[in-house]
Amino acid sequence: MHQPHPKFKVLAGSSYDELKELPVNADMKDDGSPPYFEIKTADFEGRIVGNIKGFVDQTGEVGTSKYFDRKDRVGTTWSIQVQGRFLKPVTANDVLFGNTFSQPPRMPWGTSVALQFASFIDPTLSHDLTCERPWALSPMISTMPYFRAVHQSPTAPLPAFDPLAEFDEDVSGLFKDSSAVPKALLSTASQRKKYFQNETHRKEVEFTSETVLHVDFAYGYFQFPELCLSLPGGISFDLKKYWCNQPARFVCCERAPGGTGPGKVFFVVQFDIPDLGNHKSSGSPKGSETNSPRKTTPQPITVPGEKALGDDID
């Protein structure tokens, strides 16, 4: 018997405790509402847009967005797009983006391969997945696949924002004048990522209220509504089997004092799947974030032509 796909709820806000529903694929709604979620705090102001191909809403309807029709997003299955500015100066080395967890996640076999793949995509990724509040974070400037920075007066409102429009890679807004832009940063995302793998380069750049950023965290490795993670080489994870009764959070935060892990939060995008909240493989009971997830026997992850991968974690 075919099992219905789990329904999603996506939330956003300025902290873990101040979250509201984020409209997903909002361009497909004709209700006159803006196609983005607004945030304004003492540290950050901006707009967030969520698009998911195969998103299952609370009514069970499977939807999509015109965003995925763009030629520059072929193969993309989901996107968190943000336009905004930091209202207090902070270096590019200290603005992190990635995942935080309320308890140690259940690790499927093959996790080491997934982490190696993630580190290949982003060499600046650092993580601690075994501590009480696990995390996996990178400097935002070197992890974002799509990045644009423009210079604007801090007293002017944020510019017009069309989440469906294509935008070119541009870092000129990070520098006082165009002649100050390093030649290694002139045109592509790969050049930007490579240049800012260097911590010294990240510390030389500052995000201020005069810098308006437009970033798009968009990939095609997650498959919706099946909730699968598909990696090159035929490796796939059925994420439903490892959902630990906790939300999946994408967080933009300041680097913690001491240089490791998450500090002050700027904004959060959180994926909740209520249908899996009482899933038989869930870990901690509701309201308990510190208990370790109940151990289960994971299913092996196989690569075509090879043996099942072990559960060794690097």
Side-chain angles (χ1 to χ4, degrees), residues 12 14 34-50 67 70 72-73 79-98 122 124 137-218 250-255 263-269:
S14 58
Y36 47 75
F37 181 97
E38 292 189 280
I39 287 181
K40 178 67 180 290
T41 69
D43 298 298
F44 180 84
E45 67 169 341
R47 301 153 174 170
I48 302 175
V49 173
Y67 169 92
R70 288 168 45 174
D72 64 335
R73 294 298 186 269
S79 159
I80 298 172
Q81 198 171 167
V82 181
Q83 181 209 55
R85 57 187 167 199
F86 295 91
L87 302 179
K88 298 176 182 178
V90 57
T91 73
N93 187 59
D94 289 331
V95 175
L96 306 179
F97 185 86
D122 178 12
T124 60
L137 298 164
S138 306
M140 184 176 70
I141 198 168
S142 56
T143 196
M144 283 291 169
Y146 306 98
F147 185 97
R148 180 177 175 83
V150 298
H151 186 84
Q152 181 173 297
S153 168
T155 60
L158 290 173
F161 181 37
D162 181 0
L164 298 180
E166 297 183 17
F167 67 91
D168 296 327
E169 176 83 12
D170 187 357
V171 297
S172 61
L174 300 176
F175 302 89
K176 293 182 178 180
D177 58 73
S178 58
S179 63
V181 180
K183 291 182 179 180
L185 276 173
L186 288 180
S187 58
T188 69
S190 60
Q191 288 175 321
R192 165 180 50 84
K193 290 181 177 183
K194 183 177 181 179
Y195 182 83
F196 285 115
Q197 286 177 21
N198 186 308
E199 182 179 351
T200 299
H201 292 166
R202 296 196 301 269
K203 289 181 175 180
E204 291 172 346
V205 168
E206 200 171 52
F207 298 144
T208 73
S209 58
E210 296 181 349
T211 311
V212 176
L213 302 179
H214 185 179
V215 299
D216 191 1
F217 195 73
F250 290 86
V251 179
C252 178
C253 62
E254 192 168 15
R255 188 183 296 272
K264 178 171 58 179
V265 171
F266 296 116
F267 60 83
V268 180
V269 177

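This structure is a prediction, so every number in the text was calculated from the model and none was measured.
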Partner of F196 under side chain to side chain contact (heavy atoms under 4.5 Å, CB included), chosen from T143, T124, V205: V205
I48, V49, V82 screened by side chain to side chain contact (heavy atoms under 4.5 Å, CB included) with Y36, the one that passes: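 Looking at I48, V49, V82, the match for Y36 under the side chain to side chain contact (heavy atoms under 4.5 Å, CB included) is V49.
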Looking at every non-hydrogen atom in both residues, tell me the closest pair between [X] and [Y] and how far apart they are.
X    : Y    : result
P182 : F175 : CD-CZ, 3.5 Å
D122 : S142 : OD1-O, 3.9 Å
S14  : T41  : CB-CG2, 3.4 Å
M140 : F207 : CE-CE1, 4.1 Å
Q152 : V212 : CB-CG2, 4.0 Å
L213 : A149 : CD2-CB, 3.6 Å

Main-chain N/O of A165 paired to R70 side chain as donor or acceptor, under 3.5 Å: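 Looks like yes, one N/O pair under 3.5 Å.
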Can you list everything that forms a salt bridge (Lys or Arg N to Asp or Glu O under 4.0 Å) with [X]? Sequence neighbours excluded, please.
X    : result
E199 : K203
R255 : D94
R202 : none
D170 : R148

ring-ring contact (aromatic ring centres under 6.0 Å, His included) against [X], all qualifying residues, sequence neighbours excluded:
X    : result
F97  : F217
Y67  : none
F266 : F86

Side-chain heavy-atom pair S79, R73 within 4.5 angstrom cut-off: no
Side-chain heavy atoms of P159 within contact of Q83, under 4.5 Å: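 SC-SC contact between P159 and Q83 confirmed.
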Rounded distance (nearest 0.5 Å) linking atom CZ of F250 with atom CZ of F267: 12.0 Å
Separation between OG of S138 and NZ of K193, rounded to the nearest 0.5 Å: 10.0 Å
Chi angles and distances behind the side-chain contact (heavy atoms from CB on, under 4.5 Å) call for L87, K40: CA-CA 10 Å; L87 302 179; K40 178 67 180 290; 3.9 Å; yes
side-chain contact (heavy atoms from CB on, under 4.5 Å) involving T200 - partner list, sequence neighbours excluded: N198, E204
side-chain contact (heavy atoms from CB on, under 4.5 Å) involving T155 - partner list, sequence neighbours excluded: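 In terms of side-chain contact (heavy atoms from CB on, under 4.5 Å), with neighbours along the sequence ignored, T155 is linked to S153.
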Residues L174, T211; criterion side-chain contact (heavy atoms from CB on, under 4.5 Å); working and verdict: CA-CA 7 Å; L174 300 176; T211 311; 3.8 Å; yes
Stepwise side-chain contact (heavy atoms from CB on, under 4.5 Å) test for Q191 and E169: CA-CA 10 Å; Q191 288 175 321; E169 176 83 12; over 6 Å; no
Test log, rule side-chain contact (heavy atoms from CB on, under 4.5 Å), inputs V171 and Y195: CA-CA 12 Å; V171 297; Y195 182 83; over 6 Å; no
For [X], check side chain to side chain donor-acceptor pair (under 3.5 Å) against everything at least two apart and list the hits.
X    : value
E254 : none
K194 : none
Q81  : H214

K264 atom NZ: more than 12 heavy-atom contacts under 6.0 Å: yes
